[in-house]
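One structure is given here, and the rest of the page talks about it.
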6 protein chains.
Amino acid sequence: MRPSGRAPDALRSIRLDINVSKYAEGSCLAVFGDTQVLCLATVEEKVPPFLRNSGRGWVTAEYGMLPRATNERTEREASKGKQSGRTLEIQRLIGRSLRAVIDLGGFGERQIRLDCDVLQADGGTRTAAITGSFVALHIALAHMRKLGAMPAMPIKDHVAAISCGIFQGVPVLDLDYAEDSNADADANFVLTGTGQIVEIQGTAEKKPFSDAEFGQLFGLARKGIGELVALQREAIRKAG
Amino acid sequence: MRPSGRAPDALRSIRLDINVSKYAEGSCLAVFGDTQVLCLATVEEKVPPFLRNSGRGWVTAEYGMLPRATNERTEREASKGKQSGRTLEIQRLIGRSLRAVIDLGGFGERQIRLDCDVLQADGGTRTAAITGSFVALHIALAHMRKLGAMPAMPIKDHVAAISCGIFQGVPVLDLDYAEDSNADADANFVLTGTGQIVEIQGTAEKKPFSDAEFGQLFGLARKGIGELVALQREAIRKAG
Amino acid sequence: MRPSGRAPDALRSIRLDINVSKYAEGSCLAVFGDTQVLCLATVEEKVPPFLRNSGRGWVTAEYGMLPRATNERTEREASKGKQSGRTLEIQRLIGRSLRAVIDLGGFGERQIRLDCDVLQADGGTRTAAITGSFVALHIALAHMRKLGAMPAMPIKDHVAAISCGIFQGVPVLDLDYAEDSNADADANFVLTGTGQIVEIQGTAEKKPFSDAEFGQLFGLARKGIGELVALQREAIRKAG
Amino acid sequence: MRPSGRAPDALRSIRLDINVSKYAEGSCLAVFGDTQVLCLATVEEKVPPFLRNSGRGWVTAEYGMLPRATNERTEREASKGKQSGRTLEIQRLIGRSLRAVIDLGGFGERQIRLDCDVLQADGGTRTAAITGSFVALHIALAHMRKLGAMPAMPIKDHVAAISCGIFQGVPVLDLDYAEDSNADADANFVLTGTGQIVEIQGTAEKKPFSDAEFGQLFGLARKGIGELVALQREAIRKAG
Amino acid sequence: MRPSGRAPDALRSIRLDINVSKYAEGSCLAVFGDTQVLCLATVEEKVPPFLRNSGRGWVTAEYGMLPRATNERTEREASKGKQSGRTLEIQRLIGRSLRAVIDLGGFGERQIRLDCDVLQADGGTRTAAITGSFVALHIALAHMRKLGAMPAMPIKDHVAAISCGIFQGVPVLDLDYAEDSNADADANFVLTGTGQIVEIQGTAEKKPFSDAEFGQLFGLARKGIGELVALQREAIRKAG
Amino acid sequence: MRPSGRAPDALRSIRLDINVSKYAEGSCLAVFGDTQVLCLATVEEKVPPFLRNSGRGWVTAEYGMLPRATNERTEREASKGKQSGRTLEIQRLIGRSLRAVIDLGGFGERQIRLDCDVLQADGGTRTAAITGSFVALHIALAHMRKLGAMPAMPIKDHVAAISCGIFQGVPVLDLDYAEDSNADADANFVLTGTGQIVEIQGTAEKKPFSDAEFGQLFGLARKGIGELVALQREAIRKAG
């Protein structure tokens, strides 16, 4: 039995709210149950040094968590003077995931930076960040296209992410914190709209797991990501 | 004429939304027009070293701004590895302001930490942070009191803050960013519910100003803070 | 009764010694009783990025305190690896105060940097730093003018600063450390030679204070700053 | 055709040299072709704060790369003043992988720290580090056991790691740098001696990949890890 | 011919002014020509961790230079966020030199910290710092002894330091900046009052030098240090 | 009697292994008994800012020690976020020593950077680093010359280094850690192939020492460096 009472293959209540920022070129508040991640896209008219004069653009991400986004307050990274390994690992993952579905040659020498800030955390912040960032990025690119920056949308496919895990022996979808902190194993799946693999990160938290178990998690992820992609389509349609 | 069309002595539309966090002991989202500051109070069962075994508590604050809270994105302080002078100055001000109305001897050897994070900035973030933090702090203390941590509320008075400035020669209340960035002078006033002075910070941005002008700014501040204190009372009443 | 035996409206013994550095383009050792602040002006033939190709110059300041400038040694900021919030706040104040009386369009694309280093601290280091920096800056500008860098002195007025506070219920001028550390409230005033306001920073250290008390502090400050400006004039006259 | 001429399912020439340090309690130089990683185990008679008085121990890892371990020199992390996101991500992975096969309750309140330093890098440094660290850890635990620190070896299974990837459309085992930098996709597998999954990290470097391709990579990994575990057994046997 | 017109074996005009601080337990302003180093001794009632419960004390030093102590302003180390290699090297030298003549077992578990801050630099700042710090340390120890902290002075000998160098082919004593920046070779000598060697640091700045040249530098240093020790004795005698 | 049983004037077993890196333009593993220092030379096609457009090159060095190179593990500098004073001091010494025998005008506007990483430490790491770096630098320059970067080798002489010390009253050559940590005094000598002085660093570790003792140390150093230079010649000859 899951602490939330959800069925093993049930997502939490998901919302992808658009246009939540007065300033950002694209914005999406991704809400997965009690997890809230604000995803803001900023278009910059310059690229990192390794791309100068290449005619290509870049997509990157930064991730942060408000100190009291969690039940136990964590120290503010700006005050500690450095970002944790966990933060750096997550923001690298978000950037890689988005770049996998974007045609970097299709929007000029520009950088789009996604700021993913966790306002409240109840498990699955990285998957909410990827799922919401895709929407914010799509809106920012559509905005640029309307301004004439490029002839066509440089997006090859959707990308969304979800976690799965083995909780009390049962494979379940979309772990909340109560599950995540007690799972035997968990895995984050980042898939495209057509079901291709972008990233898989599976970790045995308590004990190693088998091929068969991994297969079950993968199956749950496919189902969940199908639902997330449908929600992304709806959010993008509303954004016009 | 103000860019927003407001009368010189008119506040922006203000909201002090309570209980906006699942975890924090006290919370308030302070909204001053397009400025949004999330104020979360965390109760910690320990005090800074200089207060150990003193029987006294402490109230402190941290301030941060999301990178794209502003029109031009600013670099993430966690990524730069240090907080700016502006950030440190503001969080010191918030802490001092709150301590001025709290009986630090009245809630045991505990620290209450206010995290003030600017989700969106359109001028006046420090005054919104002080005004909202008082509400979050009040809720946290009431919560502790219900748990039996102390016999009476250790709050001596309200505290709220507002900015005023001279814009195109006219003294105006509650500057938004369009005004703030072009003001001849501005001043932040932190006053108590009974109108006593907690902090005054007046600065000639473009040219020195006179006693008379300073007096006019002070008068506007009194009016605005009266209205803010009324909103605080209502928010606290709702919180029960 | 003040610990020093001074009358409530009496400054400490003040000295503004000029030409105390072999190298700096302008220099002044500001001595306020036992407080000693070395103010050295450096002329740099470049401006910060935001002023490049603007035809305008910049004036900025840095502030530091020797570790044993105080009764209790404080840790060396260079060794800790960062400047404290207090340091950053003070150096921002010094820079703003000086820029308020300088015509930044009148000395070309140059930056003048004021290094204010506290050799000994007994209260009032920021006000001594502002008062002495004005003299060092004046000498540096006069030096540049003699070299033909500009046709006229780009100085619109004097600027000087003093602290006042309520000590044992009595408003007093120019707090020393014994007073400052026990004041009910204190305020720093930065005024021009003609009595205009540049900066006011009033803080209730122990309890909020009233308009009337604030008015008394302001009156003391006017008197003190009048005396400081007279001393500045004399120092500048000696410098030739 | 692989740049090295290897068959798609062929490992590079592998060596796990033991007892390569005069000081470390356990040591192994893991050589995968031209990749050399020195793995040194240090036993510390204390645990991290969260384990004090728990009766349990901890295993952790740090990872570094000599500046000229690579063809293009990279800046020294000690000189830059911080470890990169990549470094933090890898050392977290090594620590998690080792802990998955160790009984943390079986060697007292001690920490064993693995220092994995890359002397030369030609792809696969993280997998060499995991594979060699297991040997160094085993030797250190055997050493402690001989000293009477515990009655039995607290090791539940072997753990080893290998990379696989899709290079020019062909799934291949144990990527060297020439392959790694041009792979369409790659994946790191960390498996136990009995073939259970500890970690899987799959990434689409150039384009998303399919389930079937992922399955082929997994198959190659099983084969390679079988061979690595055999080499580990031999190294441990030699160590006595 | 030396730029200053001094004879090859002539020191600059030297002053060791005592009691220049209101707060420090011992103080000395060491003036070597235009070089001025403020040496302040602070007595701390604690020792570094490696000496706890050893019954022994410690003497250490920190070194800093005001940004405009030199002709070209150098960036403030507190602002850069780290001390340079040169700073760390000099402060380690000062500490070692003082410890060589102090009986660390003779003043209890205390640390005496010498802050050596260069107010103005014209060559020889490290030698002035050592020479002046010895005086400040002596005064602080005498002060402690008067308070009954120990029965006898724990000082075994004087220690003083001077630089020598080969300038335009001629061995000269006590280099000023004009000489130091153009010397073929230079050496810093730290000797005791009885002429024993504490530290020697010889460096070929432009070209390697011979034994014979080194011997000449050593001879000059003996003469100079004899004079410095006499000045130290006089300063200490004045201090009572 | 020396702990190692060596005669007072005997070096440890020394090896200078060349071509130990797949990537570096020059490489040498310097082995002095149980001390192992990997010296890798990297040629960079740019110079530090102060040499731009000067037609001159630069030689510099960085030094690091693996955390478990020593009997007691030391914290990783990359993880602490800064290099120690000892590290900075040693790498400055290595760079100065090499530059003393190189014609910086003879290899164009290039920088050669020596990375000296201590794999295992048993005393004398800085002297092994200098001695090995000279070989690595020579190989890198010969490599550049073969590529036609310059007509002649810009090397004026050999440079090598050795430590000496007074151990249990006896002057001895090439201290190992057991001696170094208990020496009364020690000195590092950096000499050229023709016996000229490049650097001398003598330090009284326990008590000041005399001229005569210093002379004996110098004599031992001459003998040891003669042997090291012969080994360098042989290594360079092998490198071709």
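Here is the naming used below: chain letters follow the sequence lines, and residue numbers restart at 1 for every chain.
- Counting heavy-atom neighbours within 6.0 Å of B:K46 NZ, excluding the residue itself, gives a total of 12 or less.
- Scanning residues 158-181 of chain B against chain C with a 4.5 Å non-hydrogen threshold yields no residues.
- A 6.0 Å sphere centred on NZ of B:K206 holds more than 12 heavy atoms belonging to other residues, nucleotides or ligands.
- Of all the listed residues (C:V190, C:I197, C:T194), the one sharing the greatest number of non-hydrogen pairs under 4.5 Å with chain B is C:I197.
- Within 6.0 Å of atom NZ in B:K207, 12 or fewer heavy atoms from other residues, nucleotides or ligands are found, so the atom counts as exposed in its surroundings.
- Within the 4.5 angstrom heavy-atom criterion, atoms from both the backbone and the side chain of B:D211 approach chain C.
- Note: B:L88 CG to C:R86 CZ = 13.5 Å, rounded to the nearest 0.5 Å.
- Using a 4.5 Å cut-off between heavy atoms, B:T192 touches chain C through its side chain atoms alone.
- In terms of heavy-atom proximity, B:P208 sits nearest to C:A100 at CD-O, 3.9 Å.
- Scanning residues 89-99 of chain B against chain C with a 4.5 Å heavy-atom cutoff picks out B:E89, B:R92, B:R96, ordered by number.
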